[in-house]
Amino acid sequence: MQWTLVIPVKPLARAKSRLADTASDGLRPGLALAFAQDTVAAALACPAVKDVAVVTDDALAGRELGSLGAHIVADEPRGGLNAALAHAAALVRAARPESAVAALNADLPALRPLELARVLDAAAEFPRAFLPDAAAIGTTLLAAREGEELRPAFGTDSRARHRASGAAEITLGAVDSVRQDVDTGDDLRAALALGVGPRTAAAAARLLIPGQ
């Protein structure tokens, strides 16, 4: 099964505020863009991925991620993350009704294409499925097979919310790169330990991170 991934990217100037203890205001936008670039590049290299749609209104993010081969979708209807993901998934389905669609976080800088393929293959066994994040509280991927609505419920306690919505929880081991999103300095250290993509590595080299 081939998947279309929908990846949301918020305006870079407002991204990653919880990294304030690790990265200055001037560095956080570049770090957030690097995360997204490495995530999109790895996603496009995944054998289970047909294409990637990035949902963003940030002009710089749109240019940079579009240059990697992603399609850029406007952040509509400006009703928050879940509304934007549902809108983008609907656009994908309008063009290709048979498409399997998955929402993927943009802050997975250690993402490995083959690990993502394993997760998507597991998701294909269910109408809707999700992968919890490394903290086992949030969600890094929500998938819907052809004919199923995505029905995203990202945000606080999204693992519990997606489970309550009827989505199956993917419990694979050895897919740490797909689970390790980055919100805090500790998250970034964990991602660096896994091995991040080249753009994140270059951006992180400008930070003073104990233990890096």
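We number each residue from 1, following the sequence as shown. Just the heavy atoms: all of them, side chains too, but no hydrogens, waters or symmetry mates, feed the values below. Just so it is clear, the structure is predicted and the values come from calculations on it, not from any experiment.
- Between Arg128 and Glu148 there is no salt bridge, since no side-chain N of the basic residue sits under 4.0 Å from a carboxylate O of the acidic one.
- Put simply, the side chain of Val49 does not reach to within 4.5 Å of the side chain of Gln2, judged on heavy atoms.
- A chain of hydrophobic side-chain contacts below 4.5 Å, direct or via other Ile, Leu, Val, Met, Phe, Trp or Tyr residues, connects Leu150 to Val55.
- Cluster annotation: Val182 is connected to Val196 through the hydrophobic network of ILVMFWY side chains, with a link wherever side-chain heavy atoms come within less than 4.5 Å.
- The closest side-chain heavy-atom distance from Leu31 to Leu207 is below 4.5 Å.
- Under the 4.5 Å side-chain criterion, counting only non-hydrogen atoms from C-beta, Pro47 is in contact with Leu114.
- For the pair Thr39 (side chain) and Phe35 (backbone), a donor-acceptor distance under 3.5 Å is present.
- Under the salt bridge (Lys or Arg N to Asp or Glu O under 4.0 Å) criterion, Asp38 pairs with Arg199, not counting sequence neighbours.
- Counting heavy atoms from C-beta on, the side chains of Arg145 and Met1 come closer than 4.5 Å.
- For the pair Leu27 and Leu19, the minimum side-chain heavy-atom distance is 4.5 Å or more.
- Note on Val54 and Leu85: separate hydrophobic clusters, where clusters join Ile, Leu, Val, Met, Phe, Trp and Tyr whose side-chain heavy atoms are under 4.5 Å apart, directly or indirectly.
- Using modelled atom types, one side-chain atom of Ser177 and one backbone atom of Arg112 make a donor-acceptor pair closer than 3.5 Å.
- A distance of 9.5 Å separates OG of Ser158 from CG of Leu81, quoted to the nearest 0.5 Å.
- In this structure a side-chain-to-backbone donor-acceptor pair under 3.5 Å is present from Asp133 to Ile137.
- Of the options Leu141, Leu131, Leu108, Ile170, a side chain to side chain contact (heavy atoms under 4.5 Å, CB included) to Arg179 is made by Leu131 and by none of the others.
- Residues Leu111 and Ala43 approach most closely at CD2-N, 4.0 Å, considering heavy atoms.
- In this structure, Lys50 NZ and Leu44 CG are separated by 12.5 Å, a value rounded to the nearest 0.5 Å.
- Panel note: side chain Asp121, backbone Arg118; no donor-acceptor pair is recorded below 3.5 Å.
- Leu188 is not connected to Leu194 by any chain of hydrophobic side-chain contacts under 4.5 Å among Ile, Leu, Val, Met, Phe, Trp and Tyr, and they are in different clusters.
- Every residue meeting the side chain to side chain donor-acceptor pair (under 3.5 Å) condition with Asp186, not counting sequence neighbours, appears here in chain and number order: Arg189.
- In this structure, the side chain of Thr56 engages the main chain of Val9 through a donor-acceptor pair within 3.5 Å.
- Between Gln37 and Leu65, some side-chain heavy-atom pair lies under the 4.5 Å cut-off.
- Arg63 pairs by the salt bridge (Lys or Arg N to Asp or Glu O under 4.0 Å) definition with nothing, not counting sequence neighbours.
- Applying the salt bridge (Lys or Arg N to Asp or Glu O under 4.0 Å) test to pairs two or more places apart or on separate chains, those with a residue in residues 2-29 are Lys16-Asp107, Lys16-Asp183, Arg18-Asp183, Asp25-Arg28.
- Atom CD of Glu115 and atom CG of Leu172 lie 10.0 Å apart (nearest 0.5 Å).
- Closest approach of Ala86 to Pro152, counting heavy atoms only: N-CG, 4.1 Å.
- Shortest non-hydrogen contact noted between Ala84 and Asp75 is CB-OD1, 3.2 Å.
- Taken together through direct or relayed side-chain contacts under 4.5 Å among Ile, Leu, Val, Met, Phe, Trp and Tyr, Leu68 and Trp3 form part of one hydrophobic cluster.
- Considering all non-hydrogen atoms of both residues, Pro109 and Gln180 come closest at CD-O, 4.3 Å.
- Contact between Pro29 and Ala13 at its shortest, heavy atoms only, is CG-CA, 4.3 Å.
- Contacts of Phe130 classified as ring pair (Phe, Tyr, Trp, His ring centres under 6.0 Å), with partners at least two apart in sequence or in another chain: His162.
- The CG atom of Leu120 sits 6.0 Å away from the CG atom of Leu5 when rounded to the nearest 0.5 Å.
- Atom OG1 of Thr139 is separated from atom CD of Glu169 by 8.5 Å, given to the nearest 0.5 angstrom.
- One N or O on the side chain of Asp58 and one on the backbone of Leu12 form a donor-acceptor pair closer than 3.5 Å.
- Without hydrogens or angle criteria, Arg206 side chain to Ala23 main chain gives no donor-acceptor distance under 3.5 Å.
- Residue Leu142 comes nearest to Ala167 through the heavy atom pair CD1-CB, 4.3 Å, listed as atom of the first residue, atom of the second, then distance.
- Using modelled atom types, one side-chain atom of Thr140 and one backbone atom of Val178 make a donor-acceptor pair closer than 3.5 Å.
- In this view, Asp51 and Arg96 satisfy the salt bridge (Lys or Arg N to Asp or Glu O under 4.0 Å) rule, not counting sequence neighbours.
- Looking only at side-chain heavy atoms (C-beta outward), His87 and Pro77 come within less than 4.5 Å of each other.
- Side-chain atoms of Asp57 and Pro11, non-hydrogen and from C-beta on, never get closer than 4.5 Å to each other.
- Within the model, atoms CG of Leu91 and NE2 of His71 stand 12.0 Å from one another, a figure rounded to the nearest 0.5 Å.
- Looking at Thr4, its side chain never comes within 3.5 Å of a backbone N or O of Val101 through a donor-acceptor pair.
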